Amino acid sequence: MIQIVPVETKKQKRLFIDFPHSLYAGNPNYVPALFLEQNDLLSPDKHPFYKHSQAQPFLAFRNDEIVGRICAIWNNNHNAFNHVNEGQWGFFDCIDDQEVANALFETAEKWVKAKGGDTIVGPINLSTNDTVGLLVEGFDRPPVAMMPYNSPYYMDLITNAGYGQKVDLRAYLVMEQTADKRSVKLLDKLEERLKRSGITLRQFNVKDFKNEAAKVRDIYNRAWDKNSGFVPMTEDEFNYTAKDLKMILDPRFAIVAEKDGELVGFGLGIPDINQILIKVKKGRLLPTGIFKLLFGKKKINLLRVLMLGVLEDYRKLGIEACLYGRIIRESKDSNIKGAECSWMLEHNYMMNHAIEQMNGELYKRYRLYQKSL
């Protein structure tokens, strides 16, 4: 018999966070999430998401053994911005058992329906500003920083529970060895052309972090506003994320485009810290994980281009290509050998084309699912 239990105590939350470690034991591509990060995401007193919305984690037990987990989410800001009555599910992990999966989904659906939801979408780990999507192609290597990983059988568990595809998300790999050198060489000419229009590129000024971050937040919320399922970050949410990113930020890979002192575009590449976290047992930084993190940073050889956006009035001028190119070019004098550009909506033809022009390889695909209630 399957028992679904709402997570309410600290012990239950710890069990919820740790369940994937046992589920993926022995899988060479599994990267344990940092316990502190996951704990904050699931704590209303720690994460700014809960100032405007709600989430309820659940655990599935069979004979006192944990066999699955899920989190039901109601994002008021998302619904108001997109004019929908939609709930989400995230943090889904489950043994290969349809009965368990069905019980978990039914519990999340019932919770969302009680909030007034007529549709449920997932996986989304709180919002589209966090970890999003189910891996459906590219299971042969570990995920990069802040990207999900799951077993292939999850696809069947989800579709058999009545879910259909909402949208696919793409991840491209651009390696220094195979990148189209012609497109990179053209950057100088393209940047000169932009300068004649008053548009210049520069590195993010870490010495003025607070003001720079505020400008980037404005770009982020305005440049992504037409993306499927997007929800603007509140000031608290952006500051929360920026504080974490600041610890791994390298200004060489944080490039802004501006005109007349105003930002019109931004690109950010972050080191793939998953190359270190994959060796950190159960995502605990203590007692030895912190040393792996500190001493392993110099060995990281891949970036993730996490954010890249240009205000609508400045698109089709080549700014996107210049931002990508600058990040790639800056990596030449470092240990970085390539970058994953993710995630890209499948119908974002302009951005996908810009990456493909540089010989970017579409090597992973993620999917969002939906179901009417």
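In this text the structure is predicted, and so the values were computed from the model without any measurement.
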Visitor: Who are the side chain to side chain donor-acceptor pair (under 3.5 Å) partners of Asn239, not counting sequence neighbours?
Guide: none

Visitor: Does Arg202 have more than 12 heavy atoms from other residues, nucleotides or ligands lying within 6.0 Å of its CZ?
Guide: yes

Visitor: Looking at Glu320 and Arg315, does any basic side-chain N land under 4.0 Å from a carboxylate oxygen?
Guide: no

Visitor: Considering residues at least two apart in sequence or located in another chain, which fulfil the side chain to side chain contact (heavy atoms under 4.5 Å, CB included) criterion with Arg141?
Guide: Leu173, Tyr363, Lys364

Visitor: Can Phe81 be reached from Val84 by stepping across I, L, V, M, F, W or Y side chains whose heavy atoms are under 4.5 Å apart?
Guide: no

Visitor: Under the side chain to side chain donor-acceptor pair (under 3.5 Å) test, which residues partner Asp118, sequence neighbours left out?
Guide: none

Visitor: If every non-hydrogen atom of Ala257 is compared with every non-hydrogen atom of Ile199, which pair is closest and at what distance?
Guide: CB-CG2, 4.4 Å

Visitor: Going through the distances and angles, do Leu373 and Ile120 end up as a side-chain contact (heavy atoms from CB on, under 4.5 Å)?
Guide: CA-CA 7 Å; Leu373 300 178; Ile120 187 167; 3.9 Å; yes

Visitor: Can you find a heavy atom in the side chain of Ile355 that is under 4.5 Å from one in the side chain of Tyr324?
Guide: yes

Visitor: Do Gln88 and Glu86 pair up side chain to side chain, a donor and an acceptor below 3.5 Å, judged on atom types alone?
Guide: yes

Visitor: If I take atom CG from residue Leu157 and atom CG from residue Asp93, how far apart are they, to the nearest 0.5 angstrom?
Guide: 11.0 Å

Visitor: Would you please name every residue forming a side chain to side chain donor-acceptor pair (under 3.5 Å) with Asn205, sequence neighbours left out?
Guide: none

Visitor: How about Leu134 and Met155: do any of their side-chain heavy atoms sit closer than 4.5 Å?
Guide: yes

Visitor: Excluding sequence neighbours, so at least two apart, what forms salt bridge (charged side-chain N to carboxylate O under 4.0 Å, His left out) with Lys113?
Guide: none

Visitor: So, for Asn75 and Leu126, which heavy atoms are closest and what is the spacing to 0.1 Å?
Guide: ND2-O, 4.0 Å

Visitor: So which atom in Asp156 and which in Gln98 form the shortest heavy-atom distance, rounded to 0.1 Å?
Guide: O-OE1, 3.6 Å

Visitor: Going by heavy atoms in the side chains, are Val136 and Tyr369 under 4.5 Å from each other?
Guide: yes

Visitor: Can you name the side chain to side chain contact (heavy atoms under 4.5 Å, CB included) partners of Asn125, sequence neighbours left out?
Guide: Phe91, Thr131

Visitor: Using side-chain contact (heavy atoms from CB on, under 4.5 Å), reason through Arg304 and Met147 one step at a time and then give a plain yes or no.
Guide: CA-CA 9 Å; Arg304 178 190 170 200; Met147 291 296 284; 3.4 Å; yes

Visitor: Counting heavy atoms not belonging to Tyr349, are there more than 12 under 6.0 Å from its OH?
Guide: no

Visitor: Would you indicate whether the side-chain heavy atoms of Asn63 and Glu65 approach each other to under 4.5 Å?
Guide: no

Visitor: Can you name the residues that form a side chain to side chain contact (heavy atoms under 4.5 Å, CB included) with Glu191, not counting sequence neighbours?
Guide: Leu201, Cys322, Arg326, Arg329

Visitor: Scan Asn129, Ile73, Asn77, Thr234 and name whichever one has a side chain to side chain contact (heavy atoms under 4.5 Å, CB included) with Phe49.
Guide: Ile73

Visitor: Counting only heavy atoms not in Asp64, do more than 12 sit closer than 6.0 Å to its CG atom?
Guide: no

Visitor: How many angstroms lie between atom OG1 of Thr241 and atom CG of Asp236, to the nearest 0.5 angstrom?
Guide: 11.0 Å

Visitor: Any side-chain heavy atom of Met307 sitting closer than 4.5 Å to one from Phe266?
Guide: yes

Visitor: Checking Asp130 side chain against Ser127 main chain: does a donor-acceptor pair fall under 3.5 Å?
Guide: yes

Visitor: With rounding to the nearest 0.5 angstrom, report the CZ to OG distance, Arg365 to Ser342.
Guide: 13.5 Å

Visitor: Mark yes or no: Arg69 above the aromatic ring of Phe16, with NZ or CZ under 6.0 Å from the six-membered ring centre and no more than 45 degrees from the axis.
Guide: yes

Visitor: Ignoring hydrogens, what is the shortest heavy-atom contact between Pro148 and Pro143? Give both atom names and the distance.
Guide: O-CB, 3.5 Å

Visitor: Using the rule given for side-chain contact (heavy atoms from CB on, under 4.5 Å), can you reason through Asn335 versus Ile300, listing the C-alpha separation, both sets of side-chain angles and the distance that settles it, and then say yes or no?
Guide: CA-CA 7 Å; Asn335 194 47; Ile300 293 174; 5.8 Å; no

Visitor: Quick one: do Ile70 and Val5 end up in the same hydrophobic cluster if we chain Ile, Leu, Val, Met, Phe, Trp and Tyr together by side-chain heavy atoms under 4.5 Å apart?
Guide: yes

Visitor: Below 3.5 Å, can you tabulate the donor-acceptor pairs from side chains in residues 245-254 to any protein atom, sequence neighbours excluded?
Guide:
| residue | atom | partner | partner atom | Å |
| --- | --- | --- | --- | --- |
| Asp250 | OD1 | Arg252 | N | 3.0 |
| Asp250 | OD1 | Arg252 | NE | 3.1 |
| Asp250 | OD2 | Arg252 | NE | 3.2 |
| Asp250 | OD2 | Arg252 | NH2 | 2.7 |

Visitor: Are Phe61 and Phe58 in one and the same hydrophobic cluster, where Ile, Leu, Val, Met, Phe, Trp and Tyr link if side-chain heavy atoms are under 4.5 Å apart?
Guide: yes

Visitor: Please collect all salt bridge (charged side-chain N to carboxylate O under 4.0 Å, His left out) contacts where either partner lies in residues 13-23, sequence neighbours excluded, each pair once.
Guide: Asp18-Arg284

Visitor: Counting only heavy atoms not in Tyr314 (residues, nucleotides, ligands), do more than 12 fall under 6.0 Å from its OH?
Guide: no

Visitor: If you compare all heavy atoms of His52 against all heavy atoms of Asn76, which two are closest, and at what distance to 0.1 Å?
Guide: O-ND2, 2.7 Å

Visitor: Would a hydrophobic clustering, with Ile, Leu, Val, Met, Phe, Trp and Tyr connected at side-chain separations under 4.5 Å, put Leu190 with Leu323?
Guide: no

Visitor: Less than 4.5 Å apart, any side-chain heavy atom of Phe204 and any of Leu268?
Guide: no

Visitor: Would a 4.5 Å heavy-atom cut-off, applied to side chains only, mark Gln203 and Ile255 as touching?
Guide: yes

Visitor: Counting C-beta onward and ignoring hydrogens, is there a side-chain heavy-atom pair between Leu194 and Thr200 closer than 4.5 Å?
Guide: no

Visitor: Can you name the salt bridge (charged side-chain N to carboxylate O under 4.0 Å, His left out) partners of Glu356, sequence neighbours left out?
Guide: Arg170

Visitor: Determine all donor-acceptor pairs shorter than 3.5 Å in which one atom belongs to a side chain in residues 30-42; sequence neighbours excluded.
Guide:
| residue | atom | partner | partner atom | Å |
| --- | --- | --- | --- | --- |
| Tyr30 | OH | His21 | ND1 | 2.7 |
| Asp40 | OD2 | Tyr240 | OH | 3.2 |

Visitor: Taking all non-hydrogen atoms of both residues, which atom of Leu368 and which atom of Gly133 are closest, and how far apart?
Guide: CD2-N, 4.2 Å

Visitor: Applying ring pair (Phe, Tyr, Trp, His ring centres under 6.0 Å) as the test, list every pair that has at least one member in residues 127-165; sequence neighbours left out.
Guide: Trp89-Tyr163, Phe92-Tyr154, Phe105-Tyr163

Visitor: Exactly one of Ile319, Asp313, Val256 should register a side chain to side chain contact (heavy atoms under 4.5 Å, CB included) with Val264. Which one does?
Guide: Ile319

Visitor: Supply the atom-to-atom distance Lys166 NZ to Lys371 NZ, rounded to the nearest 0.5 angstrom.
Guide: 16.0 Å

Visitor: Take Met344 and Leu169 through the test side-chain contact (heavy atoms from CB on, under 4.5 Å) and record every step on the way to the result.
Guide: CA-CA 5 Å; Met344 320 296 296; Leu169 315 170; over 6 Å; no

Visitor: Hey, does the side chain of Ser22 reach the backbone of Phe19 with a donor-acceptor pair shorter than 3.5 angstrom?
Guide: yes

